[in-house]
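Because only heavy atoms are used, hydrogens play no part in the values below, and waters and symmetry mates are left out as well, while side chains stay in. Quick caveat, the model's predicted, so the values are computed rather than measured.
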Amino acid sequence: MAGDPILLTTNTRRYRAFFYCNSVAFVASLVAIVLVQKELLVKHHVLEAAMILDLFGLIGAYAAGSCRDVNTSIYAIALAGAVLVYVVIHVIFFTLDHKDKDKDNDEEDRLLEKRRKRLLLFAILAATITYQAGLTPPGDFLLQDDELGHHAGDPVLLYNYPRRYNAFFYCNSVSFMLSIALILLLVNPNLYRPAIRSNALSVCTAVGLFCLMGAYAAGSTQHIKTSIYIFVLVAVVLFIAAGVLLVFLTREIKRHGNSAEGG
């Protein structure tokens with residue numbers, strides 16, 4: 001019938017998995033908005049439980065709705081697990097010799113909280129973009145079967161440019177799963193404090209940013225030259241940003257040096 005989702009007709013089980021996972025994530029988000037108003041519930045980790053349920057619902061919805069075969073869905077979910085395993089290993093190896101000499105160091109806590117907010121902002125933004133892009137890939141979906149053997153509901157880009165679609169899908173999926181893993185880790189102070197100190201989350205953020213760039217370059221155009229231009233533009237912007245940051249750090253070092261001499 002007109003108006004029915006294509007996936008519901010072509011793959012009923014996959015559509016139901018997507019629909020219910022997405023609905024669980026939506027309801028959990030609403031519950032989290034209500035819970036955040038109650039400080040007592042926040043202290044008892046009810047909000048954390050709602051957020052974790054929300055994020056796992058998003059993972060399930062993305063895995064079911066962004067592709068059409070079981071193996072690819074498994075690969076997408078495995079990416080989130082791989083990210084969490086990497087963070088744990090990174091934290092273990094880089095914090096073995098770490099000792100908190102001043103556990104009540106307010107300055108360190110303030111800096112950690114600032115870094116947490118910046119990482120969380122990026123993770124939420126990237127998760128929103130990649131979730132939407134995964135469910136509505138570039139070129140959209142075929143509306144009906146054709147004489148070439150193409151099936152309704154499959155991405156158009158997959159048939160026109162298979163390699164470009166694969167590059168887009170996996171770059172987008174890596175960025176999405178990285179973002180979800182980051183949010184999961186940034187919910188609990190016991191998890192994000194050692195992860196931030198060891199720069200594990202910064203590495204994940206950088207990888208997620210480059211994957212987001214790769215997904216954009218692969219999905220926003222069908223020409224290799226245009227994709228190369230995009231990477232060149234990004235390289236120029238990063239070079240300028242690095243130069244500005246270097247100048248800023250040099251000035252800060254000189255200013256601290258002058259202050260030390262004056263004192």
Side-chain angles (χ1 to χ4, degrees), residues 1 3-36 41 45-87 120 122-143 151-158 165-166 168-188 191 204 208 211-212 215 219:
M1 299 293 292
D4 288 344
I6 296 175
L7 187 61
L8 176 61
T9 304
T10 59
N11 196 321
T12 305
R13 292 183 179 178
R14 181 171 291 274
Y15 174 79
R16 287 177 178 172
F18 161 78
F19 178 81
Y20 288 113
C21 286
N22 192 71
S23 299
V24 166
F26 174 71
V27 174
S29 300
L30 297 180
V31 172
I33 294 173
V34 175
L35 293 177
V36 78
L41 296 176
H45 305 289
V46 180
L47 177 61
E48 293 180 7
M51 291 184 63
I52 291 173
L53 179 62
D54 181 9
L55 296 174
F56 277 107
L58 286 178
I59 292 175
Y62 182 90
S66 63
C67 55
R68 299 294 178 264
D69 60 278
V70 177
N71 290 335
T72 307
S73 297
I74 294 174
Y75 296 155
I77 296 176
L79 288 172
V83 174
L84 294 175
V85 170
Y86 160 75
V87 172
L120 188 60
F122 166 79
I124 293 173
L125 178 61
T128 304
I129 295 172
T130 52
Y131 183 75
Q132 182 65 25
L135 298 183
T136 55
D140 215 340
F141 299 99
L142 292 173
L143 299 180
H151 301 288
D154 289 345
V156 175
L157 187 63
L158 175 61
Y165 173 79
N166 288 330
F168 160 79
F169 176 79
Y170 286 108
C171 285
N172 191 77
S173 298
V174 169
S175 184
F176 174 76
M177 294 303 174
L178 277 168
S179 303
I180 295 297
L182 281 173
I183 297 173
L184 285 172
L185 292 168
L186 291 170
V187 168
N188 193 319
L191 296 176
C204 291
C211 287
L212 191 61

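- With hydrogens and angles left out, the side-chain atoms of Arg14 and Ser73 include a donor and acceptor closer than 3.5 Å.
- Here Leu7 contributes atom CG and Arg68 contributes atom CZ; the two are 5.0 Å apart, rounded to the nearest 0.5 Å.
- Taking CG of Asn166 as the reference point, atom OG of Ser173 lies at 10.5 Å (rounded to 0.5 Å).
- Applying the side chain to side chain contact (heavy atoms under 4.5 Å, CB included) test to Val85 and every residue at least two apart in sequence or in another chain returns Ile89.
- The CD1 atom of Ile180 sits 12.0 Å away from atom CD1 of Ile52, with the distance rounded to the nearest 0.5 Å.
- The distance from atom CG of Leu58 to atom OG1 of Thr130, rounded to the nearest 0.5 Å, is 9.5 Å.
- Note: Leu184 CG to Leu55 CG = 4.5 Å, rounded to the nearest 0.5 Å.
- A donor-acceptor contact under 3.5 angstrom links the side chains of Asp54 and Ser29, judged on distance only.
- Taking the six-membered ring where tryptophan is involved, the planes of Phe168 and Tyr165 are tilted, since the angle between them lies from 30° to 60°.
- Of all heavy-atom pairs between Ala63 and Ile77, the closest is CB-CG1, 3.6 Å.
- Side-chain atoms of Phe169 and Pro137, non-hydrogen and from C-beta on, never get closer than 4.5 Å to each other.
- Nearest heavy atom pair, residue Gly65 against residue Leu135, reads C-CD2, 3.7 Å.
- Here the CG-CG distance, from Leu182 to Leu84, works out to 9.5 Å after rounding to the nearest 0.5 Å.
- Proximity of a side-chain donor or acceptor of Ser175 to a complementary backbone N or O of Gly208 within less than 3.5 Å is detected.
- Minimum interatomic distance between Gly139 and Val156 (heavy atoms only, all atoms of both residues): O-CG2, 3.3 Å.
- Residue pairs that meet the ring pair (Phe, Tyr, Trp, His ring centres under 6.0 Å) test with at least one member in residues 48-83, sequence neighbours left out, are Tyr62-Phe176.
- Among pairs with a residue in residues 3-27, none fulfils ring pair (Phe, Tyr, Trp, His ring centres under 6.0 Å), at least two apart in sequence or across chains.
- When all heavy atoms are compared, the tightest approach of Val31 to Ala50 is CG1-CB, 4.4 Å.
- Considering every non-hydrogen atom in both Ala32 and Met51, the closest pair reads CB-CG, 4.5 Å.
- Closest approach of Leu178 and Cys204 over heavy atoms only: CD1-O, 3.7 Å.
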